[in-house]
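Presented below is the structure to which this report refers.
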Amino acid sequence: MRSHELGAALAARLASGAPLALCYGTRPQVVKASRLVEALGERWELLTVDTGQHYDYELDALLYEQLGVRPPRFCLEVGSDGHAAQTGAIMVRAAEVFARHRPAAVVVIGDTNSTLGCALAAVKLRVPVVHVEAGLRASDVLMPEEINRRAVDAVSSVLYTPSAAATERLSVERADAIVVETGDVSRDVLLRSIARVAPLARPAGWPLGRDEPFIFSTLHRAELVDDPERLRRALAALGAIELPVVLAAHPRTREALRRMGQSASTWGNVHLLPPVGYLDALGCIRDAAVVVTDSGGVQRESYWLGTPCVTLRTETEWHETVQLGANVLVAPGLVAEVLPGAVREQLRRRLAPPSWDRDAYGTGDAAWKVRRALEQLA
Ligand code: UD1
């Protein structure tokens, strides 16, 4: 089907009164879904589907509480497993929901196994897929998230992008699809939430004085934490920074540390915390001297909140943050040599008021633009 035919077919389905399915399953997706549920739920009956890819309280239920998200209509409860088993379980269980309830379209978010599983389940049932956060690319084609986002972009009928670069790329790659630049829903959520974060708010168990300067860190990517030598070198480099580092560790990172026999919660200057809730994370990012991370979400939140960031990756899908000077990349293999200098560079930037343009990913009305773009398909 060509673009105009797709638009007309989808518009007819949406006008028929059929519900819209919205799928998510990991921590960052619950954050983004919080706004989409509101914006889309005002207009269509929503079949919310939480795959259960993330299930720990801090990665799931805590976000529902903090962001006031209604419980999902369907919990697929897939939990953790290998990529094939996890994605396959998501496909099978999502397909059952879609086959029974015949949504007009299935909206998926981002690049996780939940995104891929739900998108494939839908398209195999000939239900159109709408991809929010489409068009991002990294050059490592074997990275799980890269496989997921390319595959999902390839099977989606409608692609909503967070940036001009993503829009341009898809206009070439997917000339047969409907591509609309909406901006990033994460910014909507941040702008609505940041006023709720009190000055000097710190998560429970904070290891430092409330007004003591600190570096805030999160590390969770398989490429970094599943390689014990890389993780050890990253922790040693973090520990050598002159400021104390608070590392809010994802379960994957905690498990990697456990396998390495690291049971302490403090090594030198590095203090380990459990994963922190969304509002606590915003407070830490806002108040940190510098952020050190490998998370795409935390890179953007640092950029929006004006805190310089160092990203432990060789590349980022959010390259605008680097071009604007908000973010500096450090290859995980070179962390010992390069991280101290990169942190010092970003600390110097911290001393001046942040000067970068903050609108590279829209102005905070992305969820509303997604809704309007769906309404205007006809
Ligand atoms: C996933 C996404 C990644 C996203 C990240 C956000 C994929 C391929 N990756 O990575 O894009 O940035 O979520 O956090 O989908 N675990 C728990 N409790 C949980 C969840 C996970 O203990 O609630 C452990 C399990 O041992 C699991 C490991 O963490 O094996 C990794 O979880 P998984 O869902 O495979 O991917 P993430 O690393 O979280």
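Predicted model, so just to flag it, every value in this text is computed and none were measured. As the structure lists them, so they are numbered: ligands from 1, and atoms in each ligand from 1.
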Inset, instruction - For the pair D287 and R202, evaluate salt bridge (Lys or Arg N to Asp or Glu O under 4.0 Å) and give the outcome as yes or no after the intermediate values. - result: CA-CA 9 Å; D287 297 343; R202 299 286 179 265; 2.8 Å; yes

Inset, instruction - Report the member of H220, R221, E58, H250 with the shortest heavy-atom distance to atom 12 (O) of ligand 1. - result: H220

Inset, instruction - Enumerate the atoms of ligand 1 whose separation from the nearest heavy atom of P28 is less than 4.0 angstrom. - result: 6 (C)

Legend entry - Heavy-atom nearest neighbour in the protein, as seen from atom 8 (C) of ligand 1, with distance rounded to 0.1 Å: N113 OD1, 3.5 Å

Inset, instruction - Out of E145, R254, Q29, indicate the one that has the non-hydrogen atom closest to atom 9 (N) of ligand 1. - result: E145

Inset, instruction - Evaluate side chain to side chain donor-acceptor pair (under 3.5 Å) for T51 paired with E77, printing each intermediate quantity in order. - result: CA-CA 6 Å; T51 65; E77 294 180 347; over 6 Å; no

Inset, instruction - Before signing off on this row, confirm whether T26 and ligand 1 have an N or O atom pair separated by under 3.5 Å. - result: no

Inset, instruction - Using heavy-atom distances, let me know which of T112, D56, T87, D294 sits nearest atom 18 (N) of ligand 1. - result: D56

Inset, instruction - Of all the heavy-atom pairs spanning L170 and D153, show the shortest one and how long it is. - result: CD2-OD2, 3.9 Å

Inset, instruction - Tell me whether the centres of the aromatic rings in Y303 and W318 are closer together than 6.0 Å. - result: no

Legend entry - Close-contact set for ligand 1 against S80 heavy atoms, below 4.0 Å: 16 (N), 21 (C), 25 (C), 27 (C), 30 (O)

Legend entry - S114 vs C23 side-chain heavy atoms within contact, under 4.5 Å: no

Inset, instruction - Could you tell me if the ring centre of F74 sits under 6.0 Å from that of H101? - result: yes

Legend entry - Numbered atoms and elements of ligand 1 in range of L59, under 4.0 angstrom, heavy atoms: 19 (C), 20 (C), 23 (O)

Legend entry - Distance from atom 22 (O) of ligand 1 to nearest protein heavy atom, with residue and atom: P251 CB, 3.2 Å

Inset, instruction - Could you list the atoms of ligand 1 found under 4.0 angstrom from a heavy atom of D111? - result: 11 (O)

Inset, instruction - From the options R27, E146, R149, Q53, select the one whose nearest heavy atom is closest to atom 33 (P) of ligand 1. - result: Q53

Inset, instruction - Look at atom 31 (C) of ligand 1 and find which of E255, R252, H83 reaches it with the closest heavy atom. - result: R252

Inset, instruction - Go through E38 and R192 one step at a time and tell me if the salt bridge (Lys or Arg N to Asp or Glu O under 4.0 Å) criterion holds. - result: CA-CA 13 Å; E38 243 179 274; R192 291 167 66 119; 3.1 Å; yes

Legend entry - Pairwise side-chain contact, Y160 with E133, heavy-atom cut-off 4.5 Å (strictly under): no

Legend entry - For atom 20 (C) of ligand 1, the protein heavy atom that lies nearest, with its residue and separation: H54 CD2, 3.4 Å

Inset, instruction - Output, in order, the C-alpha distance, side-chain angles, deciding distance and verdict of salt bridge (Lys or Arg N to Asp or Glu O under 4.0 Å) for E320 and R300. - result: CA-CA 10 Å; E320 294 84 355; R300 270 129 66 223; over 6 Å; no

